[in-house]
Number of protein chains: 2
Amino acid sequence: MRPAPERRREILDTAAEVFAAQGYDATTVRRIADAAGLLAGSLYHHFDSKESMLDEILRAFLDELWVRYDAVLAALLGPRETLEALVTESFREIDRHRAAVAIYQKESGHLREQPRFGYLAGSRRRFEEAWLRTLERGVATGAFRTDLDVRLTYRFVRDTVWVAASWYRPGGQHSPEEIARQYLSTVLEGVALRDGHRTHE
Amino acid sequence: MRPAPERRREILDTAAEVFAAQGYDATTVRRIADAAGLLAGSLYHHFDSKESMLDEILRAFLDELWVRYDAVLAALLGPRETLEALVTESFREIDRHRAAVAIYQKESGHLREQPRFGYLAGSRRRFEEAWLRTLERGVATGAFRTDLDVRLTYRFVRDTVWVAASWYRPGGQHSPEEIARQYLSTVLEGVALRDGHRTHE
DNA sequence: TAACCTACCAAACACTTGTTAGGGAAGGAG
DNA sequence: CTCCTTCCCTAACAAGTGTTTGGTAGGTTA
């Protein structure tokens with residue numbers, strides 16, 4: 001009997017979808033079971049609690065995210081190229097784990113305080129550090145404007161990237177790479193039309 | 001006996017704070033009562049349901065927001081000035097109604113579907129319309145780049161502005177106007193240092 | 001065939017939820 | 001003083017919550 005753990009994945013994906021749509025607390029285990037086509041009690045054959053499902057969803061997302069982020073950071077690109085790569089990987093991650101990102105975005109704020117979800121705080125710290133360092137390097141090397149408040153800029157960039165999970169739909173008319181390009185163009189070059197008139201490309 | 005409705009307002013502010021911190025569904029009426037210094041049942045002397053509190057919080061926020069937005073739109077400024085004014089008013093609104101904005105940001109997605117909160121959808125439409133029109137005017141008059149995807153830009157701007165409610169703390173080191181200026185500088189001029197070297201001011 | 005496993009159901013569990021009913025203390029109004 | 005209103009408490013309610021327990025259908029293994 002081998003083809004077993006497929007059902008588990010299926011249920012977990014369903015749970016992620018419902019969590020993302022309704023919010024974790026507003027979601028009942030009966031609702032999840034319903035959507036997955038079994039009864040509430042049967043969920044506990046696969047998982048040992050509702051919280052465990054949430055935990056597993058968030059961990060899978062963060063693990064994959066950090067594999068990609070670490071690859072980018074290890075490449076030691078210039079600050080502008082690093083920023084471009086991080087943004088692009090973020091939108092790709094939204095494409096793959098839309099539900100998980102939406103959940104993270106909505107719930108991580110108060111989950112962070114629970115001991116079980118302490119790793120969220122850790123991830124957040126690494127995240128902030130990577131971005132701040134990149135922005136500061138850019139200011140130092142002259143790639144970015146020197147009058148930037150890097151902390152504010154970090155928040156703006158972070159928010160805009162991740163909130164996209166709330167409206168992005170995979171298979172829509174924009175690929176993740178296209179969205180990343182548009183976004184980078186906005187944040188790097190600005191929206192205003194300039195005298196010199198050098199719009200991108 | 002006149003000094004009555006002050007307590008009501010006090011309780012409502014407390015509720016907003018707790019809703020914002022924990023999420024609406026995760027918040028119990030006993031928790032609200034606790035924070036406000038009375039017992040759960042006593043809340044029903046002032047309000048007729050937990051949902052009513054949420055409703056009143058969101059309505060108060062949106063009503064005030066639209067007074068300000070309408071004033072800006074009625075002034076018939078140029079597209080760039082309109083965008084600047086809208087962003088500034090948004091950050092001011094976050095300064096005044098931080099909790100309400102955070103709740104709106106977190107919950108409006110699924111509340112919109114309930115009939116009682118249908119006005120959220122209406123507000124969202126007006127909001128989108130105002131922003132899209134401004135961006136399109138800017139592209140048409142040459143104030144903004146002509147290669148903008150206005151719809152994507154709208155989403156970026158909208159998200160970045162409102163998510164600020166999740167990290168902004170009134171009385172911090174940045175005034176709403178200062179944040180607005182920094183943000184506008186980023187979104188209008190971009191982060192990249194240019195050949196011409198015209199950073200703002 | 002018999003033993004065994006996985007995936008599920010049926011039914012109940014203890015607990016928490018939002019909400020209600022009835023009463024009481026405080027204070028202004030007559 | 002008495003009446004009345006405001007604000008709150010005590011105590012309970014029914015409904016819904018996450019979870020457990022015991023059992024069973026059906027395929028796999030021996």
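All of these numbers come straight from a predicted model, not from anything done at the bench. For the numbers below, each heavy atom of this structure counts, side chains included, while hydrogens, waters and symmetry mates do not. In what follows, every chain begins at residue 1, and chains take the letters A, B, ... in the order their sequences are listed.
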Notebook entry, point to check: Any side-chain donor paired with an acceptor under 3.5 Å for B:Asp149 and B:Tyr154?
Noted result: no
Atom [atom1] of [X] and atom [atom2] of [N]: how far apart are they, to the nearest Å?
X: B:Met53; N: C:dT17; atom1: CE; atom2: C1'; result: 13 Å
X: A:His46; N: C:dC5; atom1: NE2; atom2: C1'; result: 14 Å
X: A:Ile11; N: C:dA7; atom1: CD1; atom2: C1'; result: 9 Å

Next item on the list: Run the salt-bridge test on A:Glu10 and A:Arg7 with the 4.0 Å N-O cut-off and return the result as yes or no.
Entry: yes
Next item on the list: Give every residue pair that meets the side chain to side chain donor-acceptor pair (under 3.5 Å) criterion with at least one member in residues 65-75 of chain B, sequence neighbours excluded.
Entry: B:Glu64-B:Arg68, B:Trp66-B:Ser123, B:Tyr69-B:Ser90, B:Asp70-B:Arg126
Check: Which pairs, with at least one residue in residues 132-142 of chain A and sequence neighbours excluded, count as a salt bridge (Lys or Arg N to Asp or Glu O under 4.0 Å)?
Finding: A:Glu129-A:Arg133
Check: Which residue pairs satisfy the salt bridge (Lys or Arg N to Asp or Glu O under 4.0 Å) criterion with at least one member in residues 43-52 of chain A, sequence neighbours excluded?
Finding: A:Glu51-A:Arg116
Side-chain polar contacts of residues 155-164 of chain A - donor-acceptor pairs under 3.5 angstrom, sequence neighbours left out - could you list them?
residue  : atom : partner  : partner atom : Å
A:Asp159 : OD2  : B:Trp167 : NE1          : 3.0
A:Thr160 : OG1  : A:Phe156 : O            : 2.5
A:Thr160 : OG1  : B:Thr160 : OG1          : 2.8

Margin query: I'd like to know whether CD of A:Gln173 has more than 12 heavy-atom contacts from other residues, nucleotides or ligands below 6.0 angstrom.
Written below: no
Note to self: Expected output is a numbered-order residue list: members of residues 35-45 of chain B with a heavy atom under 4.0 Å from any atom of DNA chain D. What is it?
What the structure shows: B:Leu38, B:Leu39, B:Ser42, B:His45
Next item on the list: Return the residues of residues 22-33 of chain A meeting this criterion: a heavy atom under 4.0 Å from some atom of DNA chain D. Order them by number, or give none.
Entry: A:Thr27, A:Thr28, A:Val29, A:Arg30
